[in-house]
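Scroll down for the structure; my scribbles are underneath it.
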Amino acid sequence: MNIGVPQGGVLSPLFFILYNADIEGRTPRNIRSYKYADDIVICAKGENTSSATTSLENSINTVNKNLESIGLGISAHKTKSPNIQWQK
């Protein structure tokens, strides 16, 4: 059984937006999410790498639980985790 919205379907972008509309409301303020087509980028900002990583991991778990509750999930084989740091 396939789960999700039809690839290339006319209503697929609308369904994706509706399914994921509340991600920002379920994550801490130091987490930002960006959506494009059927992709989501989740970014964490922190005082150090450890705190940002912990916050990001917690947020990804929250997002995954929310997706699972509506019959969707994260595609682990498509997931990337780059670590970008800015020096002051």
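Just the heavy atoms: all of them, side chains too, but no hydrogens, waters or symmetry mates, feed the values below.
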Minimal heavy-atom distance between Ala44 and Ala52, with the atoms involved, is CB-O, 3.4 Å
Given Ser55 and Ile31, is the side-chain contact (heavy atoms from CB on, under 4.5 Å) satisfied, shown in steps? CA-CA 8 Å; Ser55 186; Ile31 298 293; 3.6 Å; yes
d(Asn61 CG, Ile74 CD1) to nearest 0.5 Å is 8.0 Å
OG1 of Thr62 to CG of Asn66, rounded to nearest 0.5 Å, is 7.0 Å
- Using modelled atom types only, decide if a donor and an acceptor are shared between the side chain of Asn30 and the backbone of Lys45 within a distance under 3.5 Å. yes
In terms of heavy-atom contacts, Thr79 and Ser75 come closest through OG1-O, 2.8 Å
query = Is it true that a side-chain atom of Ser51 and a backbone atom of Asn48 form a donor plus acceptor pair closer than 3.5 Å?
reply = yes
